[in-house]
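Worksheet: one structure, shown below.
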Amino acid sequence: MSSRAAAKPKPTDHQADRPARVLAWYDRHRRKLPWRAAAGELADPYRVWLSEIMLQQTTVRAVGPYFEKFVTRWPDVSALGRASLDDVLRMWAGLGYYSRARNLHACAVAVLRDHDGMFPDTEEGLRALPGIGPYTAAAIAAIAFDRCTMPVDGNIERVVSRLYAIEEPLPQAKPLIQQMAATLLGPSRAGDSAQALMDLGATICTPKKPACALCPLNDDCAARRRGDQETFPRKAPKKSGTLRRGAAFVVTRGGELLVRSRPDKGLLGGMTEVPGSEWHAGQQDDAALAQAPALKGVARWHRKAGVVSHVFTHFPLELVVYTASVPARTRAPDGMRWVPVATLDGEAFPNVMRKVIAHGLDL
DNA sequence: CATTCGTGGCC
DNA sequence: TGGCCAAGAAT
């Protein structure tokens with residue numbers, strides 16, 4: 001046969017070939033991850049679910065140790081569903097987005113109570129559970145139950161928006177990207193197709209300096225042909241938050257620290273903190289001292305030099321730290337309690353509070 | 001649809 | 001070093 005013409009498939013054929021090429025790449029280059037099954041096997045739904053919740057907006061590196069801690073202590077969804085919420089929050093502390101931990105626990109309880117300890121095996125059934133949105137439902141359905149669906153995460157958004165040079169910015173482009181991503185589903189192995197695109201996005205089609213030479217879709221990629229692949233996906237500009245200030249009070253009673261729990265909902269919901277002022281934009285440092293907890297043993301507060309700085313997703317924060325030491329048997333104010341400094345590592349402190357305590361105690 | 005939710009790593 | 005980014009969900 002005439003080699004040139006025959007070796008160059010028609011565009012439609014090339015497009016139809018993509019799912020198989022992506023899977024072939026995956027079979028050679030897939031990452032080994034703790035929650036993944038061996039090649040050719042379906043993964044444990046519990047491990048897939050747990051990993052997917054942890055991986056929401058969180059890097060594989062950060063998740064690794066937490067995943068191992070969780071599956072060691074709670075090997076299946078029944079064990080997790082019988083655990084206390086406080087234990088789950090303590091185990092989750094440091095990983096961020098704490099409503100995920102609350103929903104994780106609520107989901108395990110619901111699976112135990114409403115589904116006889118078995119995860120639903122459809123997108124619709126999964127979607128109805130707490131903490132499982134459209135992405136996670138599709139991911140579990142495809143990866144754990146071999147359902148023919150394409151979950152679209154940040155990696156796949158990037159791969160697909162480059163492949164088709166989609167000019168519409170996120171998040172408006174989500175429906176279009178979902179539609180185009182589905183064209184990369186073949187007749188089988190939906191879960192592997194999804195994980196292949198995620199691995200491709202994580203290791204080849206990276207946000208900066210993508211390694212296009214190694215990509216199984218490089219000849220198909222519209223953005224690469226234009227030479228501006230790094231500029232995809234297009235995104236609407238985000239506004240940065242205003243600096244907020246406040247005060248935190250590190251009170252010790254011998255080897256104990258005064259703490260309280262934050263409200264269940266909202267920022268750092270349900271997590272432990274040292275007492276503090278509210279956080280406001282434009283607030284002066286000394287004004288916050290008026291919100292110090294009333295303790296009889298406090299003769300005077302010592303203001304630590306400097307501030308503790310922390311950046312949340314939607315605003316930066318500066319906290320002034322005041323310290324005081326009170327006599328033994330001083331009562332904790334209503335809603336507060338004493339915890340031994342020696343066991344602070346086991347408490348449900350978010351990182352901003354760990355910074356505050358380290359600053360206040362000179363750790 | 002826009003906002004609110006953490007944290008660590010990267011350049 | 002400040003902004004960006006990471007397997008999104010809930011409201």
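Below, chain A is the first sequence line, B the second, and so on; all start at residue 1.
- Nucleic acid contact class of Pro134(A) (heavy atoms, under 4.0 Å, all strands): sugar-phosphate only.
- With hydrophobic clusters built from ILVMFWY side chains whose heavy atoms lie under 4.5 angstrom apart, Leu89(A) does not share a cluster with Val109(A).
- In the set dA7(C), dA6(C), dG6(B), the nucleotide with an atom closest to the side chain of Arg100(A) is dG6(B).
- Comparing dC5(B) with dA7(C), their P atoms sit 23 Å apart, to the nearest whole Å.
- Under a cut-off of 6.0 angstrom, the local environment of CZ in Arg234(A) is crowded, with over 12 non-hydrogen atoms contributed by other residues, nucleotides or ligands.
- Ser99(A) comes within 4.0 angstrom of no nucleic acid atom, judged by non-hydrogen atoms across all strands.
- In the set dG9(B), dA7(C), dG8(B), the nucleotide with an atom closest to the side chain of Arg61(A) is dG9(B).
- Residue-to-nucleotide contacts include no donor-acceptor pair under 3.5 Å from the side chain of Tyr135(A) to the base of dG8(C).
- When rounded to the nearest whole Å, the span between CG of Asp153(A) and C1' of dC5(C) equals 13 Å.
- Side-chain atoms of Arg245(A) and Ser277(A) include no donor-acceptor pair closer than 3.5 Å.
- Glu157(A) has its CD atom 9 Å from the P atom of dA6(C), to the nearest Å.
- Checking the phosphate oxygens (OP1, OP2) of dT7(B), a side-chain nitrogen or oxygen of His310(A) falls inside 4.0 Å.
- Taking 4.0 angstrom as the limit, His314(A) places a side-chain polar atom (N or O) nearer than this to OP1 or OP2 of dC5(B).
- Look at CG on Leu33(A): it is 14 Å from C1' on dA6(C), rounded to the nearest Å.
- Comparing the P positions of dT3(B) and dC4(C) gives a spacing of 15 Å, expressed to the nearest Å.
- Following rounding to the nearest Å, Ile140(A) (CD1) and dA7(C) (C1') show an atom-to-atom distance of 11 Å.
- Within 4.0 Å (heavy atoms only), Ile132(A) reaches sugar-phosphate atoms of the nucleic acid but no base atom.
- Straight-line distance from the CH2 atom of Trp92(A) to the C1' atom of dC5(B): 13 Å, rounded to whole Å.
- Look at CE on Met198(A): it is 5 Å from C1' on dA7(C), rounded to the nearest Å.
- If you check dG8(C), dA6(C), dA7(C) against the side chain of Gln56(A), the one that comes closest is dG8(C).
- Following rounding to the nearest Å, Lys208(A) (NZ) and dA6(C) (P) show an atom-to-atom distance of 10 Å.
- Side-chain proximity of Thr136(A) to the nucleotides dA9(C), dG8(B), dA7(C) is greatest for dA9(C).
- Mapping Gly266(A) and Ala62(A) onto DNA chain B by nearest heavy atom places Gly266(A) closer to the 5' end of the strand.
- Under 3.5 Å, the side chain of Arg31(A) and the base of dA7(C) form at least one donor-acceptor pair of N or O atoms.
- Looking at Asp199(A) and Arg31(A), a side-chain N of the basic residue comes within less than 4.0 Å of a carboxylate O on the acidic one, giving a salt bridge.
- In this structure, a donor-acceptor pair under 3.5 Å is absent between the side chains of Arg100(A) and Asn103(A).
- Among the nucleotides dG6(B), dG8(B), dA6(C), the one closest to any side-chain atom of Phe312(A) is dG6(B).
- On the C1' atoms, dC1(B) is 12 Å away from dT11(C), given to the nearest whole Å.
- Proximity of Arg158(A) to the phosphate of dA6(C): a side-chain N or O atom is located under 4.0 Å from OP1 or OP2.
- For dG8(C), its base never sits under 3.5 Å from the side chain of Thr58(A) at any donor and acceptor pair.
- Toward the 5′ end of DNA chain C lies the nearest nucleotide of Thr313(A), the other residue of the pair Thr313(A) and Arg127(A) mapping further downstream.
- Residue whose closest nucleotide on DNA chain C sits further toward the 5' end, between Gly133(A) and Thr59(A): Thr59(A).
- Among the nucleotides dT4(B), dG8(C), dG8(B), the one closest to any side-chain atom of Tyr97(A) is dG8(C).
- If you check every strand for non-hydrogen atoms under 4.0 Å, Ile53(A) touches nothing.
- Projected onto DNA chain B by closest heavy-atom contact, Gly94(A) and Pro171(A) fall at different nucleotides, the more 5' of which corresponds to Pro171(A).
- By the neighbour-count criterion of 12 heavy atoms within 6.0 Å, atom CD of Glu124(A) is sparsely surrounded, having that number or fewer from other residues, nucleotides or ligands.
- A salt bridge links Arg189(A) with Asp192(A); the closest basic N to acidic carboxylate O contact falls under 4.0 Å.
- Among the atoms of the strands shown, none is found under 4.0 Å from any heavy atom of Val63(A).
- Residue Tyr98(A) has its side chain nearest to dT7(B) when only dT7(B), dA7(C), dC5(B) are considered.
- When each of Arg162(A), Arg225(A), Arg21(A) is tested with Asp220(A) by the rule salt bridge (Lys or Arg N to Asp or Glu O under 4.0 Å), just one qualifies, namely Arg21(A).
- Nucleotide dG8(C) holds its P atom 9 Å from the NZ atom of Lys174(A), rounded to whole Å.
- Side chain of Val60(A), nearest nucleotide from dT4(B), dG6(B), dA7(C): dA7(C).
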